[in-house]
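One structure is given here, and the rest of the page talks about it.
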Protein chains: 2
Amino acid sequence: MDSSVVKLERARLSADDWEKAALESIAESGVGGLAVESLARRLGVTKGSFYWHFSNRDALLAAALARWERSDTHNLIARIETLTDPYERLRELFRASSRDMRSHRTYAALLTATDHKVVAPVLERVAAERMGYLARVFAQAGMKGIDAEYRARLAYSAYVGFLQLTLQLKSLKLSNEDLEAYVEHVIGALIP
Amino acid sequence: MDSSVVKLERARLSADDWEKAALESIAESGVGGLAVESLARRLGVTKGSFYWHFSNRDALLAAALARWERSDTHNLIARIETLTDPYERLRELFRASSRDMRSHRTYAALLTATDHKVVAPVLERVAAERMGYLARVFAQAGMKGIDAEYRARLAYSAYVGFLQLTLQLKSLKLSNEDLEAYVEHVIGALIP
DNA sequence: CCGATTCCATACGCAAGCGTATTGACAGCT
DNA sequence: AGCTGTCAATACGCTTGCGTATGGAATCGG
């Protein structure tokens with residue numbers, strides 16, 4: 001009878017479980033809101049468990065970010081590589097900015113912790129990699145050398161700023177139709 | 001003899017002094033780094049002084065943000081209003097993004113606190129006002145209705161993202177020449 | 001020159017959050 | 001069944017930062 005409730009909680013936890021939960025917590029309440037005792041409550045244990053799996057809070061944060069860095073960038077690139085036409089790739093990239101909100105929320109949360117010494121290097125790597133990829137696609141689409149890099153930086157900056165303005169500041173959010181129209185406007189403005 | 005050192009510190013402080021110091025502290029170490037005891041040390045007093053001028057930390061933050069909201073937006077608009085040609089206005093706005101770093105640093109720091117309940121409304125107002133202004137200038141430059149608004153949002157997003165990427169993540173910073181060239185690229189891409 | 005006001009120092013109490021130490025429960029192996 | 005390693009609960013100490021209480025010094029109007 002009572003076992004049905006208990007079954008929902010895993011009997012024992014792994015480091016993976018903590019990392020996943022940490023990413024969820026970050027997406028919801030930011031890096032600053034990541035606290036081991038609150039995470040433990042969320043997982044139905046106490047922090048006695050946590051300190052068996054990780055040496056301290058920063059270690060959990062680093063592990064969670066490593067997991068995010070691995071999966072998140074991979075997913076995006078994989079989806080794009082199915083397209084061959086560079087113009088289509090660019091359009092798909094831009095449209096992806098308005099879908100898949102879970103992933104974007106996590107990224108937006110991380111962007112509000114650029115001053116954190118564990119977070120900053122990860123963000124630098126991710127941004128550099130993505131901008132580099134974007135620049136290559138712009139180059140494939142016919143833009144010359146440095147222009148492709150500048151355009152990539154512009155497009156990526158617009159994406160980052162969009163996350164800040166739209167996801168974090170709720171009064172600036174766009175309706176669904178407006179969002180689609182906006183993305184099409186951006187595509188028209190930034191794709192050669 | 002020893003008076004020379006003491007003279008550097010003001011004899012007594014006003015609420016204004018605290019607000020200014022708070023803004024400096026925010027520019028350096030973010031909203032989260034704003035602590036009354038550390039601010040007091042910086043001003044050469046103790047927190048006994050602080051709690052005479054303000055009821056609590058949030059009150060100081062609110063006052064400092066109000067001061068920032070007043071002065072910062074005002075300065076920018078005032079400088080732009082001396083130009084009459086809308087294209088020139090846009091170019092000047094974009095170029096201003098790479099100057100006057102003090103003001104930008106403060107804004108970048110505030111952008112990393114979009115989840116703070118005192119900060120968020122201020123940022124929403126400022127962003128909405130500036131985007132509205134931008135949209136009007138784009139309209140003056142010949143863009144039609146909703147397109148001017150979307151272009152304003154795109155330009156402002158690019159600005160916000162630029163602040164995040166270049167000011168907060170130091171490995172992504174551009175050299176002075178690159179920065180100027182980038183701004184010119186953005187001008188070419190976003191001004192009709 | 002003397003109250004009243006303004007500004008500040010000192011000394012507390014308190015809550016949040018991290019990390020440690022110790023003990024306990026449960027599983028798998030032999 | 002008993003041992004061993006794995007995971008977790010409890011209890012504690014420590015630090016940081018906020019806010020309060022109270023007394024003292026400085027300054028200004030009269």
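What you see below is based on every heavy atom in this structure, not just the backbone, and it leaves out hydrogens, waters and symmetry mates. A, B, ... follow the sequence lines: proteins, then strands. Residue 1 opens every chain.
Contact annotation for A:L39: no contact, since no heavy-atom pair falls under 4.0 Å across all strands. Residue contacts for A:L34: at a heavy-atom cut-off of 4.0 Å it reaches the sugar-phosphate backbone alone, with no base atom in range.
Going from atom NZ of A:K47 over to atom C1' of D:dC7 covers 17 Å, rounded to whole Å. Going from atom CZ of A:F50 over to atom C1' of C:dG19 covers 10 Å, rounded to whole Å. Between A:F54 atom CZ and D:dT6 atom C1' there is a gap of 15 Å when expressed in whole angstrom units. If you take CH2 of A:W18 and P of D:dT6, they are 18 Å apart, rounded to a whole angstrom. Rounded to whole angstrom, the span from the CG atom of B:D17 across to the P atom of C:dT6 amounts to 17 Å. Atom-to-atom, CG of B:L43 to C1' of C:dC7 comes out at 14 Å; the value is rounded to the nearest Å. Rounding to whole angstrom units, CG of residue B:L13 and C1' of C:dT6 are separated by 12 Å. Nucleotide C:dG17 holds its C1' atom 13 Å from the CG atom of A:N56, rounded to whole Å.
Salt bridge annotation for A:E92-A:R99: present, with a cationic side-chain nitrogen under 4.0 angstrom from a carboxylate oxygen.
Taking 3.5 Å as the limit, the base of D:dT6 and the side chain of A:R12 contain a donor-acceptor pair of atoms between them.
Among the nucleotides C:dA9, C:dG19, D:dA8, the one closest to any side-chain atom of A:V45 is D:dA8. When distances are taken from the side chain of B:T46 to each of D:dC18, C:dC8, C:dA9, the shortest belongs to C:dA9. Proximity note for B:R57 (side chain, C-beta onward) versus C:dC18, C:dC8, D:dC18: the nearest is D:dC18. For B:A35, the side-chain atoms get nearest to D:dG17 when compared with the rest of C:dT20, D:dG17, C:dC7. The listed nucleotides are C:dG17, C:dC8, D:dC18; the one nearest the side chain of A:E37 is C:dG17.
Both B:S55 and B:R41 lie near DNA chain D, and the one whose nearest nucleotide falls closer to the 5' end is B:R41.
A:H53 has no side-chain polar atom (N or O) that falls below the 4.0 Å cut-off from OP1 or OP2 of D:dT6.
A centroid separation of 6.0 Å or more is found between the aromatic rings of A:Y159 and A:F162.
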Let me check something: any side-chain donor-acceptor pairs from residues 169-182 of chain B under 3.5 Å, sequence neighbours excluded? List them with distances.
unit_1	atom_1	unit_2	atom_2	d
B:S171	OG	A:E124	OE1	3.2
B:S175	OG	B:D178	N	3.3
B:D178	OD1	A:Y150	OH	3.3

Ignoring hydrogens and angles, write down the donor-acceptor pairs under 3.5 Å from the side chains of residues 128-146 of chain B, residues two or more places apart or on other chains.
unit_1	atom_1	unit_2	atom_2	d
B:R130	NH2	B:D72	OD2	2.8
B:Y133	OH	B:E81	OE2	3.3

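Remark: the backbone N or O of B:V183 is not paired with any side-chain donor or acceptor of B:R95 at under 3.5 angstrom.
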